[in-house]
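Position 1 is the first residue of the sequence; numbering continues from there. Indexing begins at 1, ligand by ligand and atom by atom, following the structure's order. Only this structure's heavy atoms are used, side chains among them; waters, hydrogens and symmetry mates stay out. Keep in mind it's a predicted model, so treat the numbers as computed, not measured.
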Amino acid sequence: MNRVYNFSAGPSMLPVPVLERAASELMCYGDSGMSVMEMSHRSPVYEKIIADAEAKLRELMNIPDNYKVLFLQGGASTQFAAVPLNLIGRTGKADYIVSGQFSGKAYKEAQKMGYDVKCIATSKDTNFDRIPVVTKDMISPDASYVHVCFNNTIYGTKYSYIPDTGDIPLVADMSSCIISEPVDVTKFGVIYAGAQKNMAPAGVTLVIVREDLLEYGDPKMPSMLDWKLMAENGSMYNTPPCYSIYMAGLVYEWILGLGGLDTMKEMNEKKAKLLYDYLDNQDYYIAPVQKDSRSIMNVTFVTGVEEIDKKFPKEAAAAGLVNLKGHRSVGGMRASIYNAMPYEGVEALVEFMKKFAAENPKA
Ligand SMILES: *Cc1c(COP(=O)(O)O)cnc(C)c1O
């Protein structure tokens, strides 16, 4: 069977050269005599794999030395709890910007734990069709941190700016936009991301944290959520998600080989432009996201007719374009066009959209 164009929001496509490399090393990694899945995380051969993955990520994202890179477990959702547990000790309070479901979940998780957190801006009133405007005067001067979700996977929105929080650490969930384009790490206190959107198979969660922020952890927090403990142990306090970290390393290497994040950004913008230009120049499909908030990773659109919206992903799948159904909270369609989606995949999608529109007139 041929590979399809997989528009899944996550887990999502991985680059073919990475899968081929992993396949070639599956039975026997180097001269270790075993698969990466079978080796001790304490072995020198694995220690090199995790160190190389970190070094490549540091190079790719230009991560300064005063930031720790952690490879953890539990997904981005576990970090919704870990963020307040590690940081709120700074002042006892925190601010959240709610721009969609995941940032809403992060906010609720902190609330549920009894912390003094405040939602300082939201775009809920317009069903999260935009990124709320955040200005410095909106931020509580005594906040321990300000939490944002940088790319809203479900709604297809992304920050076109980095909120200016002054001296207050900015914490960003970048699960669905990590390593899609260059970002100035120094503007953030913490960046975290589940791997399965743009980085690796599910199982590993990346946390990039500025060293001076490792001093505010709640002493009662579970060890597994403790960034400082994890940093002191080089992400190996317990068994790390070994294979996913290895795969992440291969993905970093693939991007470096293409020319790094500047090239990646160019490629991603070219793909997104093809799709948005088509959407903007026809009147069959509606792109609900406001233009200045558009994501280049997740593109949402609807036809406005429920029956037709239901038919679209089915017919697309039959044509080899799979997982285009929108998230249940939005409906319609969503094309996730992460790093690994080739330009040809988006071309095929646009051609399909044209054909589908012609064949399915709205009454
Ligand atoms: C997918 C996603 C999550 C949830 O990630 P898990 O790894 O499944 O916990 C959180 N935030 C964003 C932005 C996501 O896209």
Side-chain angles (χ1 to χ4, degrees), residues 6-14 70-85 96-110 112 119 122-124 128-132 145-160 162-163 170-181 183 188 190-208 222 224-225 227 230 235 240-241 243-245 247-248 251 268 289 293-300 323 325-330 334-341:
N6 178 6
F7 293 89
S8 168
S12 38
M13 283 183 82
L14 285 161
L70 309 176
F71 294 109
L72 308 178
Q73 304 201 41
S77 304
T78 297
Q79 295 306 315
F80 297 165
V83 166
L85 282 166
Y96 280 74
I97 297 163
V98 176
S99 58
Q101 227 183 71
F102 290 116
S103 47
K105 280 185 175 169
Y107 174 55
K108 278 199 200 118
E109 189 81 344
K112 179 177 146 187
C119 170
T122 180
S123 46
K124 193 170 194 289
F128 301 118
D129 68 343
R130 64 197 157 87
I131 296 296
Y145 60 89
V146 179
H147 181 281
V148 296
C149 177
F150 219 59
N151 184 81
N152 296 280
T153 325
I154 293 174
Y155 300 90
T157 63
K158 182 192 176 268
Y159 282 78
S160 60
I162 299 177
L170 180 61
V171 176
D173 175 356
M174 290 200 185
S175 294
S176 50
C177 59
I178 191 88
I179 59 174
S180 63
E181 59 183 344
V183 0
F188 298 85
V190 180
I191 292 171
Y192 68 92
Q196 69 276 18
K197 313 287 164 64
N198 213 13
M199 211 156 56
V204 59
T205 309
L206 174 70
V207 175
I208 302 168
M224 286 298 292
L225 302 185
W227 295 337
M230 288 297 167
S235 303
Y243 197 77
S244 295
I245 295 170
M247 288 294 287
V251 169
N268 286 328
V289 168
S293 295
R294 281 175 168 175
S295 167
I296 61 167
M297 294 279 97
N298 312 96
V299 179
T300 50
N323 287 320
K325 190 168 179 286
H327 189 273
R328 57 192 181 279
S329 61
V330 184
R334 169 177 52 176
S336 295
I337 49 175
Y338 298 119
N339 290 351
M341 173 62 68

Nearest protein heavy-atom contact for [atom]: which residue, which atom, what distance?
{"atom": "atom 5 (O) of ligand 1", "value": "Ala76 CB, 3.6 Å"}
{"atom": "atom 2 (C) of ligand 1", "value": "Lys197 NZ, 2.5 Å"}
{"atom": "atom 8 (O) of ligand 1", "value": "Gln196 NE2, 3.3 Å"}
{"atom": "atom 11 (N) of ligand 1", "value": "Asp173 OD2, 2.6 Å"}

**OP:** Classify the side-chain pair Asn298/Thr153 by whether it contains a donor and acceptor separated by less than 3.5 Å.
**Re:**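 The criterion, which ignores hydrogens and geometry beyond distance, is not satisfied for Thr153 and Asn298.
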Original post:
Can you find a side-chain donor-acceptor pair between Thr78 and Gln73 that sits under 3.5 Å?
Top reply: no
Subject >> Sub-4.0 Å heavy-atom contact, Gly10 with ligand 1 >> reply: no
**OP:** Flag this pair as yes if the NZ/CZ of Lys197 is under 6.0 angstrom from the six-membered ring centre of Phe102 and inside a 45 degree cone about the axis; otherwise no.
**Re:** yes
Enumerated ligand 1 atoms positioned under 4.0 Å from heavy atoms of [X]:
{"X": "Asn151", "result": "13 (C)"}
{"X": "Gly75", "result": "7 (O), 9 (O)"}
{"X": "Thr153", "result": "12 (C), 13 (C), 14 (C), 15 (O)"}

Original post:
Does the separation of the ring centres of Phe150 and Phe188 fall below 6.0 angstrom?
Top reply: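 Yes: the rings meet the under 6.0 Å criterion.
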**OP:** Measure from the ring center of Tyr96 to the ring center of Tyr145 and say whether it is less than 6.0 Å.
**Re:** yes
Original post:
Quick one: CD on Gln79 to CG on Leu85, what's the gap to the nearest 0.5 Å?
Top reply: 10.0 Å
Subject >> Nearest-0.5 Å distance, CG of residue Asn268 to OG of residue Ser295 >> reply: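 Rounded to the nearest 0.5 Å, the CG-OG separation comes to 9.5 Å.
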Subject >> For atom 9 (O) of ligand 1, the option (of Gly203, Ser77, Cys149) bearing the nearest heavy atom >> reply: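 Minimum heavy-atom distance to atom 9 (O) of ligand 1 goes to Ser77.
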